[in-house]
There are 4 protein chains.
Amino acid sequence: MSQPPGRPRDASLHAAILGAVREVLMESSYADLSMDGVAARAQVGKKTLYRRWASKAPLVAEAVLDAYGRGGSFDVPDTGDLGADLQCWLIEHGEFIAEPANAKLIRALVAAAAANSGDTEALYEQLSVPQRSGLVDRVRRAVDSGAVRPDVDPDAIANALMGTLLLQVMSSPVRSDDAAGRYGALVDALLSGVGSA
Amino acid sequence: MSQPPGRPRDASLHAAILGAVREVLMESSYADLSMDGVAARAQVGKKTLYRRWASKAPLVAEAVLDAYGRGGSFDVPDTGDLGADLQCWLIEHGEFIAEPANAKLIRALVAAAAANSGDTEALYEQLSVPQRSGLVDRVRRAVDSGAVRPDVDPDAIANALMGTLLLQVMSSPVRSDDAAGRYGALVDALLSGVGSA
Amino acid sequence: MSQPPGRPRDASLHAAILGAVREVLMESSYADLSMDGVAARAQVGKKTLYRRWASKAPLVAEAVLDAYGRGGSFDVPDTGDLGADLQCWLIEHGEFIAEPANAKLIRALVAAAAANSGDTEALYEQLSVPQRSGLVDRVRRAVDSGAVRPDVDPDAIANALMGTLLLQVMSSPVRSDDAAGRYGALVDALLSGVGSA
Amino acid sequence: MSQPPGRPRDASLHAAILGAVREVLMESSYADLSMDGVAARAQVGKKTLYRRWASKAPLVAEAVLDAYGRGGSFDVPDTGDLGADLQCWLIEHGEFIAEPANAKLIRALVAAAAANSGDTEALYEQLSVPQRSGLVDRVRRAVDSGAVRPDVDPDAIANALMGTLLLQVMSSPVRSDDAAGRYGALVDALLSGVGSA
DNA sequence: ACCTAATCGAGACGGTACGTCCAGTCTTCGT
DNA sequence: ACGAAGACTGGACGTACCGTCTCGATTAGGT
């Protein structure tokens with residue numbers, strides 16, 4: 001289990017660089033973030049950046065996902081009440097993206113994914129796959145316990161919830177006030193249907 | 001109704017430029033699109049571009065929306081059957097974004113909106129506002145006719161539908177096959193609820 | 001006789017750039033001169049530099065030769081007295097290179113010529129050919145008029161004079177005081193020989 | 001005379017490094033020589049380079065002077081015949097620099113000296129001082145022995161001879177054929193004068 | 001037929017970022 | 001302490017792009 005020859009990479013730089021990326025992102029945007037700027041702010045040579053990340057997109061992706069893993073919560077609660085659990089998850093994430101700094105980070109990740117055609121899929125899945133699987137599992141458990149109809153498509157539900165949040169993030173500057181109220185309405189509609197019963 | 005003095009703008013250039021933008025976008029991505037490249041491909045001087053669009057973002061936006069208006073349909077049908085109408089709208093748009101070329105265009109618009117914080121709102125609203133209003137109107141009409149419960153939030157429904165499509169377009173390369181099937185499931189859940197009743 | 005299409009190059013930038021190069025060169029050295037620095041000082045984009053010069057070496061060469069053509073004198077006088085004429089030429093150039101600023105410029109040209117193997121010949125000849133031909137012509141005229149022996153090699157004389165100056169430039173920081181006095185001694189030796197006769 | 005503690009320096013590396021420097025210099029130029037390249041070619045760590053030489057310039061200087069001391073001869077012969085002795089010295093050095101590989105080495109040393117204003121004096125003197133003192137001594141001895149006129153300036157003679165060689169090496173690619181013939185002509189002129197007697 | 005005025009293609013311009021490459025230093029291991 | 005290997009900061013390299021500008025040439029109205 002020997003170490004490769006030469007000076008090992010400084011692990012502490014990783015965090016410093018990702019932190020610098022987040023700082024820049026919060027006070028400007030993906031387009032305004034430059035590798036030069038990150039290097040300068042992190043007190044790091046540009047070569048160190050390119051040794052660890054191939055380009056701007058994966059660097060931003062890691063910085064954002066790192067923050068999300070650090071501060072955001074991924075788990076879907078399971079109290080037995082599916083409606084309450086989904087609404088709880090929705091509100092939790094809604095509060096996260098209501099924070100302007102967090103919204104900027106997510107928008108930067110979307111920009112990184114959308115800008116370069118090669119990176120779209122890879123980067124996007126990093127964020128969405130764990131979320132989706134948490135939601136799908138929760139719904140599936142509700143199906144298994146008989147709480148919801150067996151012909152319900154858990155993926156469709158998960159997409160609707162995540163899509164609502166994504167749409168919210170992208171149009172956040174406007175009208176984020178009443179967004180929270182709609183989360184309950186969405187879950188109500190999904191749970192009980194809109195029919196005039 | 002007099003014409004301003006000087007040589008009038010060549011109207012045919014508009015279409016040529018937007019077409020060139022779409023060509024570039026389809027074979028690469030937003031990041032790879034350069035104003036120089038567009039000018040060269042459209043056989044146009046750069047000054048002509050900046051005379052008509054303030055920067056890259058609105059140019060891309062118009063090119064994409066132009067294609068959307070040309071090939072996609074914005075109207076939500078109203079047959080009286082809300083479920084069928086929403087599902088029809090969803091499938092129509094789903095087929096549009098299933099076309100890889102169209103997906104690339106939409107992703108370019110998302111990139112343009114997400115990259116520069118100043119453009120996020122403006123560009124995003126151009127695409128989402130007409131869609132949202134069409135959906136909200138349709139749902140509201142269903143409320144008025146008593147077809148659905150009066151406490152339903154039309155905006156929450158619209159967000160869920162549009163968000164599902166947005167999420168779809170961003171992760172399109174993977175799993176676009178069974179996506180269409182889920183549209184019915186989503187509408188079912190919204191209409192009838194997931195409750196095991 | 002038509003002008004090529006597009007905006008023509010700004011001729012006034014040429015002088016501004018060459019001046020900036022000379023400024024940098026006088027307060028530092030060839031190695032310390034950077035294209036970035038020149039561009040910044042001349043208030044010019046880097047692209048403008050590379051549009052006109054392929055690299056640092058030819059840029060420096062033109063800047064130095066431009067100054068030499070502007071301020072230095074190339075002509076060998078012809079008063080009929082070969083010794084006086086050569087000594088005059090030698091002193092004139094000696095005074096030019098005694099000026100520290102001028103010596104720095106010449107050293108920069110030498111560095112430009114010596115650094116890149118491809119440029120050595122080309123750059124060096126630009127400076128030395130006109131000088132050499134002036135000297136050789138003058139000596140040849142003296143041969144023709146019978147003032148000096150017909151078996152004298154004008155090129156050998158020219159090389160000795162120019163080489164003395166070149167050596168002087170390269171070791172100038174030390175001992176430039178008594179250099180002037182030696183010019184007379186060299187011409188004396190060449191004219192009259194060192195023999196004890 | 002005690003040995004310092006720790007592992008002693010590997011003396012064989014010195015030659016290997018200098019050899020690697022000369023190899024690189026002969027197949028490219030001073031500008032194309034990098035410390036990384038030298039370290040790689042000599043199978044040596046960069047730290048080892050900087051432990052022994054302060055920077056690129058003195059390393060190149062030692063490599064070139066090492067070759068000069070190895071293959072060229074510095075001594076001015078003293079057969080009693082000053083003209084023959086100077087011509088012999090001139091031809092010997094002329095043949096050395098006529099070898100393209102040697103010319104490249106000398107040009108690299110000139111580049112090292114001319115590029116950084118701090119190194120100009122130091123490096124240049126390393127090569128020229130021993131040469132000059134040999135020539136000056138030889139001429140002074142001729143003065144003492146009465147073979148030449150007492151008012152002859154030995155430094156002026158030495159400068160003319162060394163300058164001729166320096167000029168030759170800098171413009172070597174062109175016209176190195178008849179250069180050798182001119183050495184005799186130069187010595188003739190210096191010894192006997194150019195006057196038509 | 002001239003004149004004014006805005007358009008057009010072409011391409012130079014200043015500025016900024018890109019991604020690569022070096023110089024010179026530092027840090028790991030092994031000798 | 002010395003050795004190879006290689007990560008580190010700092011900064012220059014040469015290229016590409018953005019958005020502006022400056023040419024000559026064109027294309028309309030108004031005189």
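Lettering follows sequence order; numbering is per chain, from 1.
Side-chain nitrogen and oxygen atoms of B:R51 include at least one within less than 4.0 Å of the OP1 or OP2 phosphate oxygen of E:dC8. The phosphate of F:dC8 (OP1 or OP2) has a side-chain N or O of A:R52 nearer than 4.0 angstrom. OP1 or OP2 of F:dT9 has at least one side-chain nitrogen or oxygen of A:T48 nearer than 4.0 Å.
Rounded to a whole Å, the CE atom of D:M35 is 12 Å from the C1' atom of E:dT25. Atom NZ in B:K47 sits about 13 Å away from atom C1' in F:dC18, given to the nearest Å. Rounding to whole angstrom units, CD1 of residue A:I17 and C1' of F:dC8 are separated by 11 Å. When the P atom of F:dA7 is taken as reference, atom CG of D:D36 falls 12 Å away, rounded to whole Å.
With a 4.5 Å cut-off on side-chain heavy atoms, D:E62 and D:L65 do not count as touching. Two residues are said to be in side-chain contact when any heavy atoms from C-beta on lie closer than 4.5 Å; A:I17 and A:W53 meet this criterion. Using a 4.5 Å heavy-atom cutoff, the side chains of A:H14 and A:R9 are not in contact.
No hydrogens or angles were tested; on distance alone, nothing pairs the side chain of B:R9 with the base of E:dT7 as donor and acceptor under 3.5 Å. Within 3.5 Å, a donor on the side chain of B:R7 pairs with an acceptor on the base of E:dT7, or the reverse.
For C:R41, the salt bridge (charged side-chain N to carboxylate O under 4.0 Å, His left out) partners at least two apart in sequence or on another chain are C:E23, C:E27.
Each of A:S55 and A:P8 has a nearest nucleotide on DNA chain E; the 5'-most of these lies closest to A:S55. Mapping C:A54 and A:P5 onto DNA chain F by nearest heavy atom places A:P5 closer to the 5' end of the strand.
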